[in-house]
Amino acid sequence: MSHRIGLPHMRFWTLVRRAFPFAVVTAVAVSALIATPDTAPTQTSQAAAPRPATLHELDVPATQAPEVPAASAAPAATPSPSPSAPERSEVRQQAVPPAPEKTAHEKAGPEKDGTDEVATLPRTTVRPFSMVGVTWARGGEDFDVKVALRKNGTWGAFQTLDTDRDAEADAGPEVGRAGTDPLWVGSADGVAVRVTSPSGQRPTDLKVATIDPGRGSDVAPAAATVGQPKIISRSSWGAKGPTKGNECSAPVYGASTLGAVIHHTAGNNDYTKAQSAGIVRATQAYHTGARGWCDIGYNFLVDKYGQIFEGRRGGIAKQVRAAHSGNGPVNERTVGISMMGTYAKVAPTAATKKAVADLVAWRFSLAKLKATGTYTLGGLRLNRIVGHRDVLSTECPGAAAYAWVTSSGSTGLRQEVARRLAGSSSTPSTPTPPTTTPTSGKDIKSLAAAIGSEKLGKLVRKEWGNSVQRRAIYQNMDLLWTKAAGAFSVTSVVRREWHRTGEQGGRLGFPISSRSSTGDANVKYQRFQKGSVYIVGTGSATKAYAIYGPIFESYKTVKGTSGPLGAPTSTVLRDRTGYQRVTFAKGYMEYSEGSRAVSTWYKNGSSPDQLTVPSDRSVVINGRGFGHGIGMSQYGAQGAARQGKTFQQILASYYPGTSVAQRSGSIRVLVGDATSSTVTVRARSGLVFRTLASSSGTTLPTSSSGTPITNWRIRVSTADATKSVLEYRAGSRWRVFRDRIWRGSAQFQATSLGLVLPNGSVREYRTAIRSTLPASGSKERKTVNVLSLDDYTRGVVASEMPSSWQQEALKAQAVAARTYAVRTLMPSRYYDVCDTTSCQVFKGLSGETANTDKAVAATRGSILTYQGKPALTQYSSSSGGASAPGSAPYLKAHLDPFDGWSGNTNRSWRVVVKASTIERAFPKVGTLRSLTVTQRDGTGDWKGRVVSIRLTGSKGTQTVSGPDLRFALGLKSHYFRLG
């Protein structure tokens with residue numbers, strides 16, 4: 001077990017990746033979120049917020065195959081709802097008895113349809129609903145799910161729900177629960193479920209979700225620009241806003257759009273136009289409340305009447321990461337469009353086809369994409385426009401819709417989009433106007449007059465806007481005006497880059513200057529409200545790069561193009577999940593969306609990886625986190641609990657791929673502070689003495705000849721050190737009790753025992769305090785506390801995590817501590833686990849608290865397993881925003897969204913180390929001259945933790961590991977940067 005450093009009494013240790021059963025999901029109240037189109041300078045009027053959708057769930061327990069329990073195994077317990085789970089309105093849950101186990105004879109053959117029925121929900125009356133779906137904990141997804149519904153008092157036949165088959169697909173950050181597509185049913189008040197599996201695999205934490213879409217007000221499409229179809233905004237259809245701190249509270253954007261993925265929502269096709277907004281609200285409620293995503297999974301939804309609804313929050317013209325495809329990279333770089341209805345046998349309506357084609361063509365025009373061609377993403381080779389089934393094994397978007405999407409005929413979607421793009425006016429088709437063209441003015445009208453119609457080209461859209469900001473579109477350029485800055489033209493390569501970033505509603509905003517020169521004759525720039533577009537090169541080699549956000553602000557502080565980085569050679573790119581990067585002629589800058597820090601690398605110069613020792617011989621080190629960072633972050637667990645996450649969700653986040661099992665039994669804890677070979681306990685009523693060679697014990701008296709006995713002890717015999725003696729103290733003298741002398745181990749037993757430590761202090765323990773021989777014939781003794789696993793866990797949780805923390809964090813710690821304890825059980829050794837930071841801190845009964853005991857009781861007997869064995873569970877105080885890779889498949893490196901809450905004092909730190917301190921630790925280098933990081937683990941700020949670092953000095957160089965440098969210098973972690 002590796003050493004751990006953390007909070008006071010916190011240890012690092014590994015928890016398992018688990019396909020956890022989610023806690024009880026409560027109803028989702030959908031509130032309105034105001035969203036205006038990003039491409040129009042004027043705002044649309046907001047419709048009245050509709051009544052929110054509500055979601056209800058019923059448990060559908062999976063049937064369990066019989067197992068042979070371990071000798072100490074306790075019966076599995078049914079998890080209870082988490083006390084601190086976020087409250088939602090109108091929630092009902094009903095446990096459903098499992099289907100009866102089959103006999104051995106029945107298990108020998110398949111059921112009538114060739115599959116095993118693994119879970120059922122009998123016909124159940126519920127509150128009226130309009131959408132239904134079924135979900136389960138990830139880790140097994142080879143299921144066929146059917147539902148039957150009661151409408152107007154009559155039960156219908158079972159019908160199959162679409163299910164993604166790729167159980168191990170990389171879904172990205174929003175893995176959530178596995179499940180079916182939601183089914184729009186119109187109106188029903190009864191549901192039954194049947195789940196079968198060809199392999200006989202059984203689901204975990206199976207639930208059926210029913211959704212009432214609420215009441216909607218009249219929806220109004222947003223005003224459209226040229227090329228943009230009319231789109232109904234989120235505020236108009238009644239979207240639920242993101243929960244503060246969840247994955248969607250700050251939208252995540254892909255570096256660029258690479259394609260579009262077409263879906264269908266499934267369900268009846270006989271809905272009315274007025275019901276469409278309710279279908280969208282219900283779909284969002286299912287995705288967030290049942291699937292566990294942070295927002296609706298699609299970027300857009302299109303109904304059979306041709307209405308387009310804005311989906312995931314973040315901007316209709318922007319590449320917002322969604323959760324539609326089941327493949328993380330594909331979610332981040334494609335537009336997910338779902339047609340509302342079922343299109344297995346019936347083709348989409350003409351109105352739907354036109355709206356989808358218009359929408360795809362508009363988004364492709366912004367990204368400068370063609371309708372045809374291929375690209376590689378997420379381990380797949382995909383066409384620019386694909387159906388969902390091209391990404392995952394699924395029926396979506398239905399056979400009839402898929403035939404239209406992939407058709408090579410003139411009416412196929414790809415050909416429709418190609419025709420629209422060929423006629424698009426959003427891309428300038430003429431050469432760059434001469435530099436003598438006026439580029440600024442008092443207002444748009446005067447600027448247009450100064451430029452002239454020949455250079456402007458044909459008017460595409462006349463001037464529109466308001467008293468603060470206005471715009472006009474011409475064939476060769478855009479003219480824009482703001483009250484604060486005046487009127488400016490945007491043209492040629494700058495115009496194309498500005499369109500790519502989302503125009504005035506995107507990353508750059510309105511222009512606030514004309515093109516300006518820099519110190520480099522080959523570099524010009526145009527300033528916008530939120531950044532700049534840099535024009536680099538000459539003639540046909542001219543390129544434009546948009547730089548905005550925190551990287552732009554940092555670039556200005558180092559003097560921009562005239563500074564040490566030089567001119568940009570890229571726009572803002574998604575380097576890896578959670579990080580943005582811009583490359584320059586002489587280095588690059590990287591922005592962490594998690595820590596919001598910008599770090600800079602210079603070619604042949606200083607960087608987070610290189611430092612020349614300054615003249616004052618002080619080495620500055622800035623770091624993240626406390627501990628090795630493997631597995632669970634304890635501060636992260638508290639941060640997740642503060643966001644309303646359950647302990648199951650916390651554990652699944654840090655240990656994906658593990659499962660929950662039940663274990664009981666006892667454990668032997670080596671008491672580190674009991675350094676003497678003598679074991680002394682306080683006398684008390686009910687105290688029992690027993691040698692391990694005997695099955696029965698002796699109840700010890702509390703007095704001797706009327707004198708109270710204060711203490712009992714087991715000590716090594718002075719005559720023969722291989723033997724032990726039992727003694728008591730009455731008054732001031734120790735006396736041998738009934739000539740009890742023996743060979744071997746012995747123990748005191750009671751409900752609680754007061755162990756007297758060598759320094760005279762008394763610490764309370766539970767069950768038994770043992771004087772044990774480390775080996776046969778040994779002349780020394782060790783003190784060991786023997787107690788149940790759950791009682792041991794009570795003493796650990798209170799010592800490893802502050803008892804004032806959230807219950808869900810304490811529960812996660814309890815499961816982790818208990819799992820580690822089970823893994824340490826070693827009958828061949830005289831103890832199983834120690835009580836220090838080398839194992840897990842354990843202070844016995846004296847360390848327990850009511851709040852931590854409550855968490856242990858709520859998770860009684862629960863441990864994490866991987867492939868049927870107790871998992872190796874590591875954790876540390878703080879991950880610093882990125883978990884480090886461990887030695888097991890479930891100990892993965894990933895960004896940690898929960899670690900950065902305000903109370904985490906270990907999230908970031910800074911120390912100044914004298915060069916002489918490093919020289920004393922590594923004398924081979926002589927006088928230290930420089931430090932160079934040679935390898936990092938790739939996850940987190942500065943590309944992660946330091947794997948190796950080279951020290952260069954007057955005597956030579958020495959390469960040491962990041963952890964070695966950390967311990968030598970007393971750093972909190974090896975997740976750090978230089979300077």
Side-chain angles (χ1 to χ4, degrees), residues 4-11 13 634 665-689 700 702 709-714 729 746-772 781-805 807 809-811 813-818 820-821 824 831-860 877:
R4 78 110 178 98
I5 295 177
L7 291 170
H9 311 307
M10 286 192 174
R11 47 163 280 90
W13 68 294
Q634 292 170 305
S666 63
I667 188 168
R668 300 163 301 164
V669 186
L670 180 64
V671 181
D673 287 338
T675 55
S676 171
S677 286
T678 299
V679 175
T680 304
V681 299
R682 288 293 194 189
R684 59 188 55 179
S685 179
L687 185 65
V688 173
F689 167 80
L700 300 176
T702 58
I709 296 175
T710 56
N711 293 333
W712 289 88
R713 73 181 183 187
I714 300 171
R729 182 167 184 162
Q747 64 190 34
F748 296 110
Q749 300 172 184
T751 302
S752 65
L753 304 101
L755 176 65
V756 182
L757 298 173
N759 64 4
S761 65
V762 178
R763 187 180 300 163
E764 293 289 319
Y765 289 90
R766 293 183 181 274
T767 310
I769 295 293
R770 179 176 296 174
S771 170
T772 187
R781 308 290 185 270
K782 297 293 184 181
T783 303
V784 173
N785 180 207
V786 184
L787 71 170
S788 72
L789 284 170
D790 278 310
D791 283 344
Y792 165 75
T793 306
R794 294 165 73 177
V796 171
V797 176
S799 303
E800 289 283 4
M801 188 173 277
S803 61
S804 61
W805 277 14
Q807 269 292 302
L810 296 174
K811 290 176 187 176
Q813 180 72 65
V815 175
R818 190 182 292 110
Y820 173 71
T824 66
Y831 73 98
D832 298 308
V833 66
C834 64
D835 65 354
T836 68
T837 55
S838 296
C839 301
Q840 296 189 115
V841 177
F842 171 74
K843 293 185 177 180
L845 177 60
S846 293
E848 295 176 14
T849 72
N851 208 37
T852 53
D853 281 358
K854 180 180 176 183
V856 174
T859 62
R860 187 176 305 279
S877 171

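Position 1 is the first residue of the sequence, and the numbers go up from there.
In this structure, Ala814 and Thr859 approach most closely via the heavy-atom pair CB-OG1, 3.6 Å. In this structure, Lys811 and Ala855 approach most closely via the heavy-atom pair N-CB, 3.7 Å.
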Could you go through Thr767 and Val786, starting from their C-alpha distance and side-chain angles, then the distance that decides it, and tell me whether this counts as side chain to side chain contact (heavy atoms under 4.5 Å, CB included)?
CA-CA 6 Å; Thr767 310; Val786 184; 5.7 Å; no
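Residues passing the side-chain contact (heavy atoms from CB on, under 4.5 Å) test with Asp853, sequence neighbours excluded: Arg794, Glu848. Partners of Phe842 according to the ring pair (Phe, Tyr, Trp, His ring centres under 6.0 Å) rule, which considers only residues two or more places apart in sequence or in another chain, are Tyr792. Residues forming a side chain to side chain donor-acceptor pair (under 3.5 Å) with Thr772 (at least two apart in sequence, or on another chain): Ser745. In this structure, the side chain to side chain donor-acceptor pair (under 3.5 Å) partners of Ser788, at least two apart in sequence or on a different chain, are Asp791. Residues passing the side-chain contact (heavy atoms from CB on, under 4.5 Å) test with Ser677, sequence neighbours excluded: Val716, Glu780, Arg781. Every side-chain contact (heavy atoms from CB on, under 4.5 Å) that Ser676 has, sequence neighbours left out, goes to Thr678, Pro758. Not counting sequence neighbours, the partners of Phe689 by the ring pair (Phe, Tyr, Trp, His ring centres under 6.0 Å) test are Trp742. Evaluation of the side-chain contact (heavy atoms from CB on, under 4.5 Å) rule for Thr852 yields Val797, Ala798, Ser803, Leu810, Thr849 as partners, not counting sequence neighbours. Scanning for salt bridge (Lys or Arg N to Asp or Glu O under 4.0 Å) contacts around Arg713 gives Glu727, with sequence neighbours left out. Remark: Thr675 engages no residue in a side chain to side chain donor-acceptor pair (under 3.5 Å) (not counting sequence neighbours).
If you take CZ on Arg860 and CG on Asp790, they are separated by 5.0 Å, rounding to the nearest 0.5 Å. For the atom pair CZ (Arg668) and SG (Cys834), the distance works out to 13.5 Å, reported to the nearest 0.5 Å. Note that the CG atom of Leu700 and the CH2 atom of Trp712 stand 4.5 Å from one another [nearest 0.5 Å]. For the atom pair CG of Asn785 and CD1 of Ile769, the computed distance is 4.0 Å after rounding to the nearest 0.5 Å. Atom-to-atom distance recorded for Ser666:OG and Leu787:CG is 8.0 Å, nearest 0.5 angstrom. Separation of atoms OH (Tyr820) and OG1 (Thr793) is listed at 12.5 Å; rounding is to 0.5 Å.
Side chains of Gln634 and Gln813: a donor on one and an acceptor on the other come within 3.5 Å. Side-chain contact check for Arg682 and Asn711: at least one donor-acceptor pair (N or O, by modelled atom type) lies under 3.5 Å.
Residue pairs meeting the side chain to side chain donor-acceptor pair (under 3.5 Å) criterion with at least one member in residues 748-763, sequence neighbours excluded, are Asp673-Arg763, Arg684-Ser752, Arg690-Gln749, Gln747-Gln749, Asn759-Ser761, Arg763-Tyr765. Counting only residues at least two apart or on different chains, no salt bridge (charged side-chain N to carboxylate O under 4.0 Å, His left out) pair has a member in residues 750-759.
Counting heavy atoms from C-beta on, the side chains of Phe748 and Leu755 never come closer than 4.5 Å. The shortest side-chain heavy-atom distance between Thr702 and Ile709 does not fall under the 4.5 Å cut-off.
Judged purely by atom type and a 3.5 angstrom limit, Glu764 has no side-chain atom pairing as donor or acceptor with the backbone of Gly847. Counting only distance, with no hydrogens or angles, the side chain of Asp835 and the backbone of Gly672 share a donor-acceptor pair below 3.5 Å.
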